[in-house]
Each structure stands twice: as structure tokens, then as C-alpha cells.
There are 2 protein chains.
Amino acid sequence: MTGHATTQSQPTTSYEAAAAQREARFLEALQAAGLRLTAQRRAICHYLARTDAHPTAQQIYEALKPQFPSLSLTTVYNTLDVLVRLGLVYALGGAGDRAVHYETNTEPHINLACLVCHRVIDLPMPEVGAWRSRVAEASGFKILGARLVYYGVCPECQRQNPADDNPPSE
Amino acid sequence: MTGHATTQSQPTTSYEAAAAQREARFLEALQAAGLRLTAQRRAICHYLARTDAHPTAQQIYEALKPQFPSLSLTTVYNTLDVLVRLGLVYALGGAGDRAVHYETNTEPHINLACLVCHRVIDLPMPEVGAWRSRVAEASGFKILGARLVYYGVCPECQRQNPADDNPPSE
DNA sequence: CTCCAAACTTGGAATGATTCTAAAGTATTT
DNA sequence: AAATACTTTAGAATCATTCCAAGTTTGGAG
């Protein structure tokens with residue numbers, strides 16, 4: 001069950017192929033942890049595997065609600081919590097709003113948060129992987145995760161508001 | 001006014017000397033920005049210049065309240081906001097509690113947050129400075145700050161709780 | 001020195017993300 | 001089918017942070 005997801009329905013694009021694979025990894029990990037694969041958990045994993053935005057719990061809830069009217073926000077929080085503890089999803093704050101954003105990109109990278117539009121994007125950065133062990137050694141911490149966020153103003157928002165030198169902070 | 005703070009009252013320790021210098025820098029920056037040096041702002045700058053903890057607004061408020069009974073929490077937030085906008089203080093979240101922690105260490109470094117005791121410590125890391133411009137170039141962002149946080153369990157908490165493999169997350 | 005307008009501070013109310021709780025629902029085992 | 005262990009759910013409770021309206025202080029003009 002660790003191979004490629006090639007026996008499923010033929011994926012239309014390589015993006016969808018990767019997404020399906022990621023989703024499968026989530027579900028397997030949940031099972032391996034002895035947790036049940038409920039419809040709610042499946043839906044949330046399905047959603048997370050297919051976004052490269054960095055949604056908040058609210059956003060996930062609102063996206064899923066139409067097809068899943070009984071879903072409760074608490075369940076979204078609970079499920080995200082489980083996924084974070086399993087290390088499948090990272091939680092990051094500080095995009096200028098007050099909410100926690102979740103991401104599934106576990107490749108070494110940093111986040112760029114726009115303080116104006118509150119979007120977060122990823123920037124691949126392979127060296128990040130090497131830092132982790134250096135930090136652990138130097139500090140004695142048991143490292144469970146990292147949150148490497150640069151914040152500022154994204155190119156689009158710079159264009160729309162060239163003069164503004166004082167964007168809101170945190 | 002840019003030289004050493006040697007003409008002030010003779011500092012007892014080099015730590016106090018550095019703190020006084022940092023405090024002076026804060027006050028000058030506030031003035032330079034056309035803001036008033038009120039007693040409240042002075043008190044908050046004084047406090048911030050002398051801590052290497054990463055206090056929350058609440059903690060600053062409680063520390064200052066005894067000597068300053070009229071101080072309000074709102075003022076603490078307002079002042080911190082000003083200092084953050086001026087780039088003198090950084091705001092960082094995600095120490096496992098729900099609060100924003102403030103720090104004055106503007107040297108290139110990363111933060112280590114303990115998810116168990118919610119303390120944050122600094123780890124100097126000179127390379128961090130070089131990353132900033134690389135990130136700006138690669139992304140087109142106007143970079144206003146960074147928040148490089150590794151989170152995990154600090155040595156002390158590991159000792160007290162060796163078996164716990166599931167510390168609270170975010 | 002006095003008065004004004006702008007800049008600040010204050011307490012309390014409002015917001016809003018997250019967490020807690022108790023009750024009801026579902027799967028799994030016996 | 002009954003019992004047990006997980007899960008989900010709605011709504012209440014928390015709590016950091018923000019908002020607001022009113023009172024204070026400050027620096028400068030007269």
C-alpha cells in the first residue's frame with residue numbers, strides 16, 4: 001500500500017495525481033494511528049490534499065459546508081489537530097489576521113505572508129532541511145516543527161498601493 | 001546623539017549599559033517619528049530594553065501595573081503596535097499559547113519556542129541576514145520582517161516529561 | 001501665562017478565533 | 001442485539017485583541 005496510486009481511476013492531470021497520492025497518504029496515516037476514517041475526516045483530507053492556499057479552519061469549514069451540511073466547525077478543528085499531531089499538516093500564524101493557517105507542504109520551504117491581503121505563499125528552499133538538525137544540536141530542543149515566515153507586501157498589493165509604507169502589523 | 005551612551009550615569013554592568021543604550025534608541029526613534037514621549041511609553045520602552053524574555057502584552061501590563069496603577073492594557077497594545085511599525089520590536093506568535101510575544105532582539109537569529117512551558121529563547125544565526133535579500137529577490141515581496149521559529153520541547157521540559165510524545169500543538 | 005487643537009490614555013464593551021462540554025450518533029466487539 | 005469505545009455536534013465559554021467614546025495631557029500660538 002506504499003506504492004504509487006496508479007491503480008485508481010486514471011488521473012486527468014499530474015496535479016490531480018499528486019493530490020490523490022497526498023490524500024491517500026493522509027488517510028493511511030490516520031488509519032495507522034488507529035483512528036477511524038469517518039466521512040468528515042475524508043472530506044477534510046480531500047480538501048487539504050488539493051489546495052496550495054493556506055486555509056484557516058473557518059475557510060475549510062465554509063468550503064465543505066455546502067456538500068456536507070451537518071459538518072461542525074469543532075470537527076474541523078479536531079481533525080486539523082489530529083493531522084498536526086501526526087505531522088501531516090503544519091499550523092502557522094501571523095499572516096496579519098488573527099487566525100491560524102494550515103498547510104500540507106512538508107517539503108523544506110519558507111512561507112511568505114502578505115500583511116495586506118493575508119495570503120500566504122510557499123518559496124522552496126532546500127537548505128531549510130539542513131537547518132533543523134543544526135538547531136536541534138545547538139539548542140538541545142526536541143524539534144517538532146518549524147515556521148519560517150517572512151512577512152511583507154506581495155507584488156500585487158505593492159502595485160495596488162505603492163505609497164502605503166505602513167501596512168498593518170500582526 | 002549616535003555615539004556611545006557614556007555620558008549618562010555610570011552603568012553598573014555592561015548588561016545595564018547595553019540596556020540603557022537600547023532604551024535610548026527606542027526613545028529617539030519615537031521622537032524622530034514625531035511621537036510624544038509620554039510616561040507610559042517610557043515605562044514600556046524601559047521594560048522592553050531590559051528583558052530577553054519574549055513577553056506578551058499581558059505580561060508587560062502586569063509587570064508595569066504596580067508602579068503605574070493607571071496604566072491600561074490598551075495603552076500597552078497601542079505602544080507595542082507603534083514600536084512594531086517602527087521596526088524596533090518584532091511580534092511573534094505560536095508559542096503554544098494563543099498570545100503574541102514581542103521581542104527586541106533585532107540581530108539575525110531564530111526563535112525556539114517550547115510548546116510545553118511556552119517560553120521562547122533566541123538562537124543567534126548570522127546567516128539569517130543573508131536570507132532576507134534572497135527571499136525578496138526570489139519572490140518580489142517587500143519584506144518587512146521575518147519570524148523564524150522552530151518549535152518543540154526545551155531541554156528542561158524533556159527532562160520533566162520524558163515519555164510525553166504528544167505535546168500540545170499551536 | 002492662557003487657551004486650543006492634536007495627540008494620548010483610559011475603562012469598558014465588542015469581536016472573533018479557538019476550546020470546552022454534555023448529549024447524541026456510529027462503528028466494533030462480544 | 002448489547003456493550004464499549006470513538007466521533008460528531010451545537011452551543012456555551014474563554015480569552016487575546018480591538019474598538020469606542022470620553023477624559024487628559026501636551027506643545028505651541030497668541
Side-chain angles (χ1 to χ4, degrees), chain A residues 27 30-45 54-65 67-86 89 91-102 115 118 120 166-170, chain B residues 27 30-45 54-65 67-86 89 91-102 115 118 120 166-170:
Chain A
L27 297 176
L30 285 175
Q31 256 183 337
L35 298 166
R36 288 179 190 162
L37 263 48
T38 63
Q40 292 88 334
R41 285 177 181 161
R42 282 173 188 281
I44 292 168
C45 289
H54 297 67
T56 64
Q58 272 290 347
Q59 289 167 343
I60 298 171
Y61 171 71
E62 276 157 23
L64 262 31
K65 188 84 179 172
Q67 304 125 60
F68 213 132
S70 85
L71 184 66
S72 87
L73 188 52
T74 303
T75 297
V76 176
Y77 276 108
N78 287 342
T79 301
L80 286 169
D81 203 47
V82 166
L83 292 170
V84 169
R85 280 168 198 269
L86 292 176
V89 163
L92 38 115
D97 50 6
R98 227 173 319 172
V100 174
H101 293 248
Y102 295 87
L115 293 175
H118 299 163
V120 180
N166 272 7
S169 71
E170 187 73 11
Chain B
L27 298 176
L30 284 174
Q31 257 182 336
L35 298 166
R36 288 182 190 161
L37 263 49
T38 63
Q40 293 87 334
R41 283 177 183 163
R42 284 174 186 280
I44 292 168
C45 288
H54 297 67
T56 65
Q58 271 291 346
Q59 288 167 343
I60 297 170
Y61 172 71
E62 277 157 21
L64 262 31
K65 188 81 178 174
Q67 303 124 61
F68 214 132
S70 86
L71 184 66
S72 87
L73 188 52
T74 303
T75 296
V76 176
Y77 276 108
N78 287 342
T79 301
L80 286 169
D81 203 47
V82 166
L83 292 171
V84 169
R85 281 168 197 269
L86 292 177
V89 162
L92 37 115
D97 50 7
R98 229 173 318 174
V100 173
H101 292 248
Y102 295 87
L115 293 175
H118 300 162
V120 180
N166 271 7
S169 72
E170 186 71 12

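What you see below is based on every heavy atom in this structure, not just the backbone, and it leaves out hydrogens, waters and symmetry mates. Note on naming: letters A, B, ... go to the chains in the order of the sequence lines (proteins, then strands), and numbering restarts at 1 for each one.
- Here A/R98 does not reach the OP1 or OP2 of C/dT18: none of its side-chain N or O atoms lies under 4.0 Å away.
- Nucleotide D/dT17 holds its P atom 10 Å from the CD atom of B/Q59, rounded to whole Å.
- Between A/T75 and D/dT8 there is no side-chain N or O to OP1 or OP2 distance below 4.0 Å.
- Considering every non-hydrogen atom in both A/A91 and A/V100, the closest pair reads CB-CG1, 3.8 Å.
- Applying the side chain to side chain donor-acceptor pair (under 3.5 Å) test to B/T75 and every residue at least two apart in sequence or in another chain returns B/S72.
- Considering only residues two or more places apart in sequence or on other chains, B/T56 meets the side chain to side chain contact (heavy atoms under 4.5 Å, CB included) condition with B/Q58, B/Q59, B/A99, B/H101.
- Distance A/L92 CG to C/dT18 C1': 16 Å, rounded to the nearest Å.
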What nitrogen or oxygen pairs link the protein and nucleotides 25-27 of chain D at under 3.5 Å?
{"from": "D/dT26", "atom 1": "O2", "to": "B/R36", "atom 2": "NH2", "distance (Å)": "3.4"}

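- As rounded to whole Å, 18 Å separates atom P of C/dA17 from atom CG of A/D81.
- Residue A/S70 is in sugar-phosphate contact alone, with no base atom involved, counting any heavy-atom pair closer than 4.0 Å across all strands shown.
- Annotation: side chain of B/N78 is not in contact with side chain of B/Q40 (no heavy-atom distance under 4.5 Å).
- Proximity of B/Q40 to the phosphate of C/dT10: a side-chain N or O atom is located under 4.0 Å from OP1 or OP2.
- Nearer the 5' end of DNA chain C, as judged by each residue's closest nucleotide, is the contact made by B/G34, out of B/G34 and B/T74.
- Here the P atom of nucleotide C/dC8 and the OH atom of B/Y77 are 21 Å apart, to the nearest Å.
- Here the P atom of nucleotide D/dA16 and the NE2 atom of B/H101 are 10 Å apart, to the nearest Å.
- In this structure A/Y77 satisfies the side chain to side chain donor-acceptor pair (under 3.5 Å) test with no other residue, sequence neighbours excluded.
- Residue B/S72 places its side chain closer to C/dG11 than to any other of C/dG11, C/dC8, D/dT17.
- With sequence neighbours excluded, the residues that form a side chain to side chain contact (heavy atoms under 4.5 Å, CB included) with A/A63 are A/Y47.
- By the side chain to side chain donor-acceptor pair (under 3.5 Å) test, A/T74 pairs with no residue at all, sequence neighbours left out.
- Rounded to whole angstrom, the span from the CG atom of B/L71 across to the C1' atom of C/dT9 amounts to 9 Å.
- Counting to the nearest Å, the C1' atom of D/dA12 and the CG atom of A/L73 are 14 Å from each other.
- Taking atom CG on B/N78 and atom P on D/dC20, their separation rounds to 13 Å, with Å as the unit.
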